[in-house]
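All remarks here apply to the structure that follows.
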Number of protein chains: 2
Amino acid sequence: MATTTAAQRREQARVEYDAFLKNCPTNQLLDRISDKWVGLVVSALATGPMRYSDLGRKIAGVSPKMLTQTLRSLERDGLLTRTVTPSVPVRVDYELTPLGASLSGLLSAVKDWAETHFDEVHRAREAHDAETA
Amino acid sequence: MATTTAAQRREQARVEYDAFLKNCPTNQLLDRISDKWVGLVVSALATGPMRYSDLGRKIAGVSPKMLTQTLRSLERDGLLTRTVTPSVPVRVDYELTPLGASLSGLLSAVKDWAETHFDEVHRAREAHDAETA
DNA sequence: CCGTATCCCATTCGATACTG
DNA sequence: CAGTATCGAATGGGATACGG
């Protein structure tokens, strides 16, 4: 009788799963850039550099926490640059790198899709709900 | 001195914020399609219809719960169809609608971007971590 | 075979308040 | 102005077990 059935199998599965994720780094990156705030920040910066508070105002609904967190993450990934100007009220500008700009185009396309097809989705949703109800 | 400063201002801000979100439904939809599993499922279905368990195997890491949840959500939004064939072992096929297919193209582009630029991101990340450390 | 229902933990996120 | 720190609520998501 083995002490090792369910628990070991799960352990095993976990290891395999981790290995898969490591071999498939695309998923990680894809998950990152699929983040809600990432999309909004990158879109906001598409038209040019912006200051921290400008971003906060333009995005309208983001907390300082999430804004900072998202910006830091994007900076780390080389998608944008953070420039501090040590004037009396400190000034910090964020700007897309070429890499970030290339992604920006794609995310904007997705955003445009959402705007264009929102009606269709909304109607589909109502129709579906009507059936289900 | 008013009994109504901070609390009322927050209430007010909340109302305005809600109104904004309602006027800006794009964000909601954008958030939906930015979901991790949505991207994977839509990508998986890009090449043609698939059965439930095929999807589960192809995505490799998704729990039945999330798979069902994602599929239902996409069905509700009119991005895919669910076809039940009541044979003895039940057979269920999922297939993108034209609407879903149009989104699929965009998400595939994003996925391709992730694959193409993963190296760059990875290097940027290491460089950044080296500085910070 | 195709799910659904439940439990439950971990993470996320928003709100708030405070600092350089 | 540009954040950081902390807390609590909400959510996501995996494991598991069961129904059709």
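All of these numbers come straight from a predicted model, not from anything done at the bench. Chain naming here is simple, since letters A, B, ... match the order of the sequence lines and numbering starts at 1 in each.
- The separation between Trp37(B) atom CH2 and dG12(D) atom P is 13 Å, rounded to whole Å.
- Rounded to whole angstrom, the span from the CE atom of Met66(A) across to the P atom of dA10(D) amounts to 18 Å.
- One interatomic measurement links the two molecules: CG of Asp35(A) to P of dT11(C), which rounds to 16 Å at whole-angstrom precision.
- The shortest distance between side-chain heavy atoms of Ser102(B) and Leu99(B) falls below 4.5 Å.
- Atom-to-atom, CD1 of Ile59(B) to P of dG13(D) comes out at 13 Å; the value is rounded to the nearest Å.
- Leu55(A) has its side chain within reach of Leu45(A): a pair of non-hydrogen atoms, C-beta onward, lies under 4.5 Å apart.
- Proximity of a side-chain donor or acceptor of Asp77(A) to a complementary backbone N or O of Leu79(A) within less than 3.5 Å is not detected.
- Contacts with DNA chain D (heavy atom under 4.0 Å) in residues 85-97 of chain A: Val90(A), Arg91(A), Val92(A), Tyr94(A), listed by number.
- Judged by distance alone, with hydrogens and angles left aside, the side-chain atoms of Thr85(A) form no donor-acceptor pair with the main-chain N or O of Ser87(A) at under 3.5 Å.
- The phosphate of dC1(D) (OP1 or OP2) has no side-chain N or O of Arg51(A) nearer than 4.0 angstrom.
- Pairs engaging residues 83-113 of chain B under the ring-ring contact (aromatic ring centres under 6.0 Å, His included) rule: Trp113(B)-His117(B) [sequence neighbours left out].
- Put simply, CZ on Arg32(A) is 14 Å from C1' on dT11(C), counting in whole angstrom units.
- Inter-residue side-chain proximity for Val42(B) and Ile33(B) is flagged as unmet; no heavy-atom pair is nearer than 4.5 Å.
- For the pair Val121(B)/Arg125(B), a side-chain contact is recorded, criterion being any heavy-atom separation below 4.5 Å from C-beta on.
- To the nearest angstrom, P of dG3(D) lies 8 Å from CG of Leu71(A).
- Between Met50(A) and Glu95(A) there is no side-chain heavy-atom pair separated by less than 4.5 Å.
- Listed nucleotides dC13(C), dC1(D), dG14(D) differ in distance to Ser63(B); the shortest reach to its side chain belongs to dG14(D).
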Audit row: Asp54(B), Arg57(B), salt bridge (charged side-chain N to carboxylate O under 4.0 Å, His left out) steps and yes/no: CA-CA 5 Å; Asp54(B) 289 336; Arg57(B) 238 170 289 113; 3.2 Å; yes

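- For the pair Leu67(B) CG and dC2(C) C1', the computed distance is 10 Å after rounding to whole Å.
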Determine, for nucleotides 4-9 of chain C in 5'-to-3' order, which nucleotides have protein heavy atoms under 4.0 Å from the base (write B), from only the sugar-phosphate (write S), or from neither (write -). B-BB--

